[in-house]
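Below is one structure, written out as structure tokens, with a few remarks after it.
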Amino acid sequence: MSPVLAGVLQLLALIAALALAYRPLGDYMAKVYSSEKHHRPEKWIYKAIGANPAAEMRWPAYLRAVLAFSAVSVLFLYGLQRAQGILPGSLGFSAIDPDQAFNTAASFVANTNWQSYYGEQAMGHVVQTGGLAVQNFVSAAVGMAVAVALVRGFARSRTGELGNFWADLVRGVFRILLPISVIGAVILVACGAIQNFAGIHEVGQFLGGTQQWNGGAVASQEVIKELGTNGGGYFNANSAHPFENPTPFSNLFEIFLILLIPFALTRTFGRMVGNLRQGYAILATMATIWIGFTALMMWTEFAHHGPAFDVSGGAMEGKETRFGVGASAIFSVATTLTSTGAVNSFHSSYTGLGGGIQLLGMQLGEIAPGGVGSGLYGMLIMAIIAVFIAGLMVGRTPEYLGKKIGTREIKFAACYILITPALVLGFTAAAMALDTPANSMTNSGAHGFSEILYAYTSGANNNGSAFAGLNADTQWFNSTIGIAMLLGRFLPMVFVLALAGSLAEQKPVPETAGTLRTDKPLYTGLLVGTILIVTGLTYFPALALGPLAEGLAS
Amino acid sequence: MSTITPTRAPHEDIPTGHKPAGRVGGGLFDPKQLLKSFPDAIRKLDPRIMIKSPVMFVVLIGSVVTTVLAIKDPTDWFGWAITAWLWLTTIFANLAEAVAEGRGKAQADTLRKAKTDSVARRLTKDGKGEEQVPGAELRIGDLVVCEAGDIIPGDGDVVEGVASVDESAITGESAPVIRESGGDRSAVTGGTKVLSDRIVIKITTKPGETFIDRMIALVEGAARQKTPNEIALNILLASLTIVFLLAVVTLQPFAIYAGAEQSMIVLTALLICLIPTTIGALLSAIGIAGMDRLVQRNVLAMSGRAVEAAGDVSTLLLDKTGTITLGNRQAAEFVPVKGTTEAELADAAQLSSLADETPEGRSIVVLAKEKYGLRERHQGELSQAEWIAFTAQTRMSGVDVDGKQTRKGAAGSVITWVREQGGQVSDDADTLANKISEAGGTPLLVAVKDEKGARVLGVIHLKDVVKEGMRERFEELRRMGIKTVMITGDNPLTAKAIAEEAGVDDFLAEATPEDKMALIKREQAGGKLVAMTGDGTNDAPALAQADVGVAMNTGTSAAKEAGNMVDLDSNPTKLIEIVEIGKQLLITRGALTTFSIANDVAKYFAIIPAMFAVVHPGLDKLNIMGLASPESAILSAVIFNALIIIALVPLALKGVQYRPTSADKMLRRNIGLYGVGGLIAPFIGIKLIDLLISLIPGIG
């Protein structure tokens, strides 16, 4: 079988698997977030944290809860890393430096999982499993909670109430992420991923010398790393490491996990707003961009010229031989179009244009399908912008899902779309203008620029993948990327929740023949166009000087 | 409830705007207006005015920056060329607004002439004497006297007398109208002229706030405030401007790293090309032109918000009389009772209607002539005839001639008359009358008293005549997602029959002002926007409650005060046009926004290779237009960016072509035209400009 055909077949299998899971999972999640019942263990948690899960919150209260919970999480994770030296089960690793500890804490709480450390050389069992893995669950659940709050804003009328954050958080973890993770971990273990609390092994190598192998609760962390679109690897090599991602099947399964919830949430959305077709339209938009990007990536990675490419059938540099070009391309698009950032190949080694696809994927705002929760709310913001422009063209003031998009709504949406470009371009420009940050580059020229552009794109968009080559463990990068990750995660949430509150207060506008149909292919096409033009164009000059300059040079 | 009682025929024969397509097209655009408005455009360069449009303010700053740079390096032709075109961009934007305003100014001047300083004859407090005071000193509540030839000094209500008034100063309609105390025709407007008789007017508005003052402010655009949607769009445009500002400002460090530091002139040019200047430049012109299109149809919108709301309306409340049906019922057939022939009945009906000057009475005479060939007789032809004219009290008309008494009138009145004359009313007559009622018509009985005694001859079937073309219009409205509700004082049976014939979606029969109000509130509770027309004082609460309340100019001042639009022609059918104008305004805004944003793609393809192909030769592959040189590429993009504003001014003023159709079809068409068109057009435009520029020696 030719590598191209293999890649296409894997993509088709992936689509089929996602399609099968779409309805049951989407409906199940809608039920979870709409249910009035509380399970007993959940009640214990509510009692322990002193929360009343039945109390409805308006948007400021919901936001306060999100921010308070996340702030406590950052402090806890920072403290845990700083105390690693005196904690048991640390495999002898010492405390993490303050700037790196801040960066890592911000990274995992912001669902980014940018890693400026080497997992197997810095983090012990307690920090990995008790700190990082826990954040993998809760940071994902926070994203889902905010998305659900926005969906409630559309679904509800004449109220400012958006649900209860604590209930949404606890349910997201215990009813959605945990059960799927348990099943997923077992499957990964069956594929050969490791799951233990063993120490460090000295292993002899073929050609002499020894190598260190770490044990750890890898499979359990791996599954939530993908499912929660986190991306922080147990090992530095991330999903390219055989202990994390042993076989082509485990590879496909991990991509499936990455895309599972973000896609299925569109069904949840359709269910909760009482119009499944609206969910399908959002799904179609996400799927169009995802498949388009995957096809482009396969094309650029397979079709490159040169003797090395011809021998291996594609751009094999930086890719694992057990996955090949096709599966690596699919993985890298899935991970950059969601906010995952896990990698099974080295993004820096992709062709120039391939690197551009990865960058653009993140720069679109992680919305196709995006991170768990954050993808849906990011896409809904774009849907509002598209409706605002196109809605006028049917001769009515814009409305989406029966809610008017007026001055207040557009103000929040406009602020939302300003944040990440400001962070990405602002920090990248600062890094390029100052003397020292550029020392971290491994490469010169356009590729070196891409390294830094990639770092801030990844951080501010909460992706977390790295364009390997940049030495990001410096005070400058640890601090600025840490800030970019926190602001890139939580500032947008402020505007999303404010928007949700404003939408929930409105009375619904009934749909008539004069209403813009947002559940039709025409609108999907329009939304894709708006996303590519409004967000994509922002980065065009920067992309031209990085990946485009490199990719078009040959 | 009040029905529209036009004091003059308000274009009823030709339902206004009933042309198949492009019916809400605006006035013609005359290129000369551009020249005429040029001084205004320059005046608008004042930064305090420019800041109102954030996008154009950025262009202004860009123009100043490049000017300074060009002066610093006067030998650089490129800097001067960019500077010149950036200033032109700014001026073109102001020109668009100035032209839009200019059209209102002419109208305002005409109105001002009507506002000559009049002297009022104020009644003294004791009510006996009169004193001369300047019109500007009148206070609310003052009583003034106006006689034939006087200009009415201020807005008010007639409290005494009847007069014919020439309102052409405001409406442009030369036929005089009747104004009388009491009822729904009591309002008079300052600046209009009394033609006959004497009236006493109670002043209801302060000088300076009169209708004519407000009108002047409105058409001049002085009172123009940004509408909610315009504000929202401005916010979005401002945020896009900030995003592109970021993209350009941060580009310099990247460019320096790449070894291709850019001059401020090039960066400014890039910024101006990327920010949405096209829509930024035309946005206010579009709004002004939308109001202007209403003014051209003799409708005054008191706020732009109302025009916008008109586009959103999903329920139209239409008064039956005058809007859906012709003003009056007409005789449709003669139905004789047993033992009478149709001809006999027709003869009697005609004879008895000769003294009935109401439109209904006239229609009976016409029907007798058209259907039975009965020559119209005149009252003078019959000597010694005693005519009994129709009055609202007797509800009967007729004639006594040659010992024969003929009567025609409302069923009840005629039956009473027959009985009084000692006659019998046959069951047959009763059945026929009921049948007509059930069919939605109005039965009039015809009776006679001669040697055979008093008896009923038959029934005249009076029908409401639905205006031509209304069914199709309602069909169109339905396709646009607008529900029509017919409001009538008729009984439910009659109302239903007419509603079905006219094709409205719903009707409100035996409507009282309270019913109307309740209906509006019910629709609004369901999230719908409601538009209605009204003229009576009892319509005022409903007009105020409706999202679009169009008061008839003939109506009371209370009604005019309550509504947010006034139709100077007092033609209730215009409500449909108002909705279309509202929609057209919004579509124009959306179409040009889409066009403006879609334009950016081509500009990137022109400018980015021009900036960086020197250091990254691969980027020259992005120069898909094959532009001659970096300078000509950047200049061409800037020139295109400026010229497209002027090119689109006529579209902004006229509004995009509008056809009533479903949202889906409309979106498809507009996206194709302005979205896809907006992507492609600049590629062609920039290439053409580049071809021209490269012909200039020393550039290409």
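Order of the sequence lines fixes the chain letters, A, B, ..., with proteins taken first and strands second; residue numbering starts at 1 for each chain.
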Going through the distances and angles, do B/R293 and B/Q584 end up as a side chain to side chain contact (heavy atoms under 4.5 Å, CB included)?
CA-CA 10 Å; B/R293 277 199 290 283; B/Q584 195 197 26; 2.8 Å; yes
Over 60° means perpendicular and under 30° means parallel, so tell me whether B/F605 and B/F683 are parallel, tilted or perpendicular.
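Taking B/F683 first and then B/F605, their aromatic rings sit tilted (interplane angle of 30° to 60°).
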Structural part of [X] lying under 4.5 Å from a heavy atom of chain B:
X	answer
A/I452	neither
A/T397	both
A/P541	both
A/V534	side chain
A/L548	both
A/K411	both
A/S157	neither

Under 4.5 Å heavy-atom distance to chain A, tell me which part of [X] shows up: side chain, backbone, both or neither.
X	answer
B/V248	neither
B/R669	neither
B/L679	side chain
B/L233	both
B/I608	side chain
B/A525	backbone
B/R479	backbone
B/F612	side chain

Using the salt bridge (charged side-chain N to carboxylate O under 4.0 Å, His left out) rule, take B/E475 and B/R478 through it: C-alpha gap first, then chi angles, then the decisive distance, then the call.
CA-CA 5 Å; B/E475 185 57 43; B/R478 202 167 300 121; 2.9 Å; yes
Heavy-atom pair of closest approach, residues B/G675 and B/T594:
CA-CG2, 3.7 Å
Between A/T480 and A/Y456, does any side-chain donor sit less than 3.5 Å from a side-chain acceptor?
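Yes.
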Looking at chain A, which one of B/V313, B/L622, B/L274, B/I256 has the largest number of heavy-atom pairs inside 4.5 Å, strictly under?
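Of the options given, most contacts go to B/L622.
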Residue selection (most heavy-atom pairs with chain A, distance under 4.5 Å) from B/S314, B/G526, B/S662, B/G527:
B/G527
Salt bridge or not for A/E505 and A/R156, using N-O below 4.0 Å?
no
Ion pair present between A/E511 and A/R517, side-chain N to carboxylate O less than 4.0 angstrom?
yes
Hey, could you give me the CG/CD distance between B/D547 and B/E308, rounded to the nearest 0.5 Å?
12.5 Å
Taking the six-membered ring for Trp, are the ring centroids of A/F388 and A/Y400 within less than 6.0 Å of each other?
no
So do the side chains of B/M611 and B/L270 get within less than 4.5 Å of each other, counting heavy atoms only?
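The answer is yes, as the side chains (C-beta and beyond) meet within the 4.5 Å cut-off.
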